[in-house]
2 protein chains.
Amino acid sequence: MSSVSETREQNQSVNVAIDHRKGPRRRGDALYAAIFEATLDELTAVGYAELKMEHVASRARASKGSLYRRWSSRAELVADAVHHTIPGCGEAPDTGSVREDILGGLRGFAKLLNGPSGEAVRGLMAETIRDPDLMEVIRTRFVEPGVNVFLNVLRRGAVRGEVRPSALTTRIASVAPELLRQHFLAHRSPVPDQVLIEIVDEVIMPLVRM
Amino acid sequence: MSSVSETREQNQSVNVAIDHRKGPRRRGDALYAAIFEATLDELTAVGYAELKMEHVASRARASKGSLYRRWSSRAELVADAVHHTIPGCGEAPDTGSVREDILGGLRGFAKLLNGPSGEAVRGLMAETIRDPDLMEVIRTRFVEPGVNVFLNVLRRGAVRGEVRPSALTTRIASVAPELLRQHFLAHRSPVPDQVLIEIVDEVIMPLVRM
DNA sequence: TGCCATCGGAACGCCACGTGCTCTAGCCTG
DNA sequence: CAGGCTAGAGCACGTGGCGTTCCGATGGCA
């Protein structure tokens, strides 16, 4: 996380040694990895709105051409970078209590949203306005997996008799992540833990009780 | 310098008919109204993402300067135009039934979202990423009034014994509009009426029952 | 060793932004 | 009613990021 502007100045003015037409040059996976890393660094540094392809390239010590050869837009690059970085889409714990499971699942999502991935997701949500296709990608990668997490929690709760069987629907399983997402979009991160507790105790638990 | 004035002379001689420095010129409210109308027309024509200040000005037969003198950004212009156009922020009917009241309230919002205002709101949501101040404006103008609508419905229902008193919270009153908003953002409009019915029957009614 | 796909760097045209300038219409005052 | 003053229309400009293209260099591979 050293100073970006220094590096750029050197590139522009004097230091011939880092003209990488003459230096070591990466290809394939190594280059992909460097670009992903630079993308996340840039996300944390300036946020999605101010993320410029040129700066990502410069930070990755790559060329704009190399970026555009792989991704046709900023949104695709960021989506790939984030998806490549986060391990899975999270999984709720199995504590034997629906309340604890859902709260744990929400905390997992909140942790992602509060990090650089969150800044990315926020930006990607915005980008879906320009590009409806991207919305499909977002839904598939970030939204639907979340719903399944909570649906599984509810199923386990129903088996134990904690959850009324008629609550085992996609719509109800979507409520918790949707409220979280809505709060995340409508307020600046980080999402306070108190909000998660409120969602669980005021909404989800009364909603799924027998 | 002389070449510049030559060009200008040519432009003038060719385009005399549409040089509105000589035509009727509006001020004050008339100009505001024309700009708002042009903004909404442009919104329906090309959507928020492709809305350009230059095109709005041209459609309103106004100058960019007149726009920037009033609004410092596209987002402020659109927010003003929409807020100036919609009558109130909607009010739920009082049918004597919580289910019908909430459904009616949701249908009111959905009607707004499915029109040009919806395209505007969608775009403004995106813009809040660049401009956190704008988020405050959006919340004040479009979000919070909606919560109060549903809170009033729940209060009336509690008086009638339809709603448990502990459900009279801001958080619970927010659920319906938040789920609607989330659906609106995650899918292209128009929002199907079936979605509203599902929100009411699967989520809200079980949530607020005695 | 020689080939060639790929890389880094730089320059380019493009487009919208936001601003400044000039000329002019409409109102307001004396 | 005349003159002044405010504000609007139109145009041109500088700026900045986009996405492309070209060139020279490089590293993997036959």
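Below, chains carry the letters A, B, ... as their sequence lines are ordered, and counting in each starts from 1.
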Asker: Heavy atoms from C-beta onward define the side chain here; which of D:dA9, D:dG8, D:dT26 lies closest to that of B:Arg70?
Answerer: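 It is D:dG8.
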Asker: Please name all residues satisfying side chain to side chain donor-acceptor pair (under 3.5 Å) with A:Thr169, sequence neighbours left out, ordered by chain then number.
Answerer: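 Here the qualifying residues are B:Glu202.
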Asker: For residues 33-48 of chain B, which side-chain donor-acceptor pairs fall under 3.5 Å, sequence neighbours excluded?
Answerer:
unit_1  : atom_1 : unit_2   : atom_2 : d
B:Thr39 : OG1    : B:Ile35  : O      : 2.7
B:Glu42 : OE1    : B:Arg59  : NE     : 2.5
B:Glu42 : OE1    : B:Arg59  : NH2    : 3.1
B:Thr44 : OG1    : B:Leu40  : O      : 3.1
B:Thr44 : OG1    : B:Asp41  : O      : 2.8
B:Tyr48 : OH     : B:Glu127 : OE1    : 3.0

Asker: Find the distance B:Leu67:CG to C:dG20:P and express it as a whole number of Å.
Answerer: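 Atom CG in B:Leu67 sits about 17 Å away from atom P in C:dG20.
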Asker: Under the side chain to side chain contact (heavy atoms under 4.5 Å, CB included) rule, collect the residues that match up with A:Met53, sequence neighbours excluded.
Answerer: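 If we apply the side chain to side chain contact (heavy atoms under 4.5 Å, CB included) test to A:Met53, skipping adjacent residues, the hits are A:Leu67, A:Tyr68, A:Arg74, A:Leu77.
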Asker: NA contact type, B:Ala57, heavy-atom cut-off 4.0 Å: base, sugar-phosphate, or nothing?
Answerer: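 Nothing, no heavy atom under 4.0 Å.
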Asker: With sequence neighbours left out, what residues match A:His187 under ring pair (Phe, Tyr, Trp, His ring centres under 6.0 Å)?
Answerer: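 Checked A:His187 against ring pair (Phe, Tyr, Trp, His ring centres under 6.0 Å); matches are A:His183.
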Asker: Give me each pair satisfying salt bridge (charged side-chain N to carboxylate O under 4.0 Å, His left out) with a member in residues 98-115 of chain B, each pair once, sequence neighbours excluded.
Answerer: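 For residues 98-115 of chain B, and leaving out neighbouring residues, the salt bridge (charged side-chain N to carboxylate O under 4.0 Å, His left out) pairs sorted by first residue read B:Arg99-B:Asp201, B:Asp101-B:Arg156, B:Arg107-B:Asp193.
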Asker: Show the distances under 3.5 angstrom between N or O atoms of the protein and N or O atoms of nucleotides 17-19 of chain D.
Answerer:
unit_1 : atom_1 : unit_2  : atom_2 : d
D:dG19 : OP2    : A:Tyr68 : OH     : 2.7
D:dG19 : N7     : A:Lys64 : NZ     : 2.9
D:dG19 : O6     : A:Lys64 : NZ     : 2.7

Asker: Could you work out, with side chain to side chain donor-acceptor pair (under 3.5 Å) as the rule, every residue matching A:Ser174, not counting sequence neighbours?
Answerer: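 Scan of A:Ser174 (side chain to side chain donor-acceptor pair (under 3.5 Å), adjacent residues dropped) gives none.
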Asker: Among all residues two or more places apart in sequence or in another chain, which pass the side chain to side chain donor-acceptor pair (under 3.5 Å) test with B:Arg155?
Answerer: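 Once residues adjacent in sequence are excluded, the partners of B:Arg155 under the side chain to side chain donor-acceptor pair (under 3.5 Å) criterion are B:Asn152.
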Asker: From CD of A:Glu50 over to C1' of D:dG16, roughly how many Å is that when rounded to an integer?
Answerer: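 In whole Å, D:dG16 C1' and A:Glu50 CD are 12 Å from each other.
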Asker: Is there a residue in residues 28-41 of chain B whose heavy atoms reach under 4.0 Å of DNA chain D, and which residues are they?
Answerer: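 Listed by number, they are B:Leu31.
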Asker: What integer distance in Å separates B:Trp71:CH2 from C:dG18:P?
Answerer: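 Computing the B:Trp71:CH2 to C:dG18:P distance gives 14 Å.
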Asker: Output yes when at least one side-chain N/O atom of B:Ser66 is less than 4.0 Å from OP1 or OP2 of D:dA9, else no.
Answerer: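 Indeed, a polar side-chain atom of B:Ser66 lies that close.
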Asker: Angle between the end axes of the helix from C:dT1-D:dA30 to C:dG30-D:dC1, five pairs per end, to the nearest 10 degrees?
Answerer: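 Both end axes considered, the difference amounts to 10°.
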Asker: Rounded off to whole Å, could you give me the CZ-to-P distance for the B:Arg27 and C:dC27 pair?
Answerer: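 Going from B:Arg27 (CZ) to C:dC27 (P), I get 7 Å.
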Asker: Just checking B:Phe150 against B:Phe109, ring centres under 6.0 Å apart?
Answerer: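 Aromatic pair counts; centres sit under 6.0 Å.
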Asker: Which residues pass the side chain to side chain contact (heavy atoms under 4.5 Å, CB included) test with A:Leu207, not counting sequence neighbours?
Answerer: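 Per chain and number, A:Leu207 pairs via side chain to side chain contact (heavy atoms under 4.5 Å, CB included) with A:Arg164, A:Ile172, A:Val175, B:Val203, B:Pro206, B:Leu207.
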Asker: In this structure, how many angstroms lie between the C1' atom of C:dA25 and the CZ atom of B:Arg25, rounded?
Answerer: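 Whole-Å distance recorded here is 4 Å.
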Asker: What about B:Arg61, does its side chain sit under 3.5 Å from the base of D:dA9 through a donor-acceptor pair?
Answerer: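 No.
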Asker: Under 3.5 Å, is there any donor-acceptor pair linking the side chain of A:Arg69 to the base of C:dT6?
Answerer: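 No pair found.
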Asker: Given the rule in the side-chain hydrogen bond (donor to acceptor under 3.5 Å, both in side chains) test, do A:Ser58 and A:Glu54 qualify, once you have shown the distances and angles that lead to the verdict?
Answerer: CA-CA 6 Å; A:Ser58 154; A:Glu54 209 144 0; over 6 Å; no
Asker: B:Arg59 CZ to D:dA9 P: how many Å, rounded?
Answerer: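 The distance from CZ of B:Arg59 to P of D:dA9 comes to 16 Å, rounded to the nearest Å.
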Asker: Partners of B:Arg139 by side chain to side chain donor-acceptor pair (under 3.5 Å), sequence neighbours excluded?
Answerer: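 If we apply the side chain to side chain donor-acceptor pair (under 3.5 Å) test to B:Arg139, skipping adjacent residues, the hits are B:Glu136.
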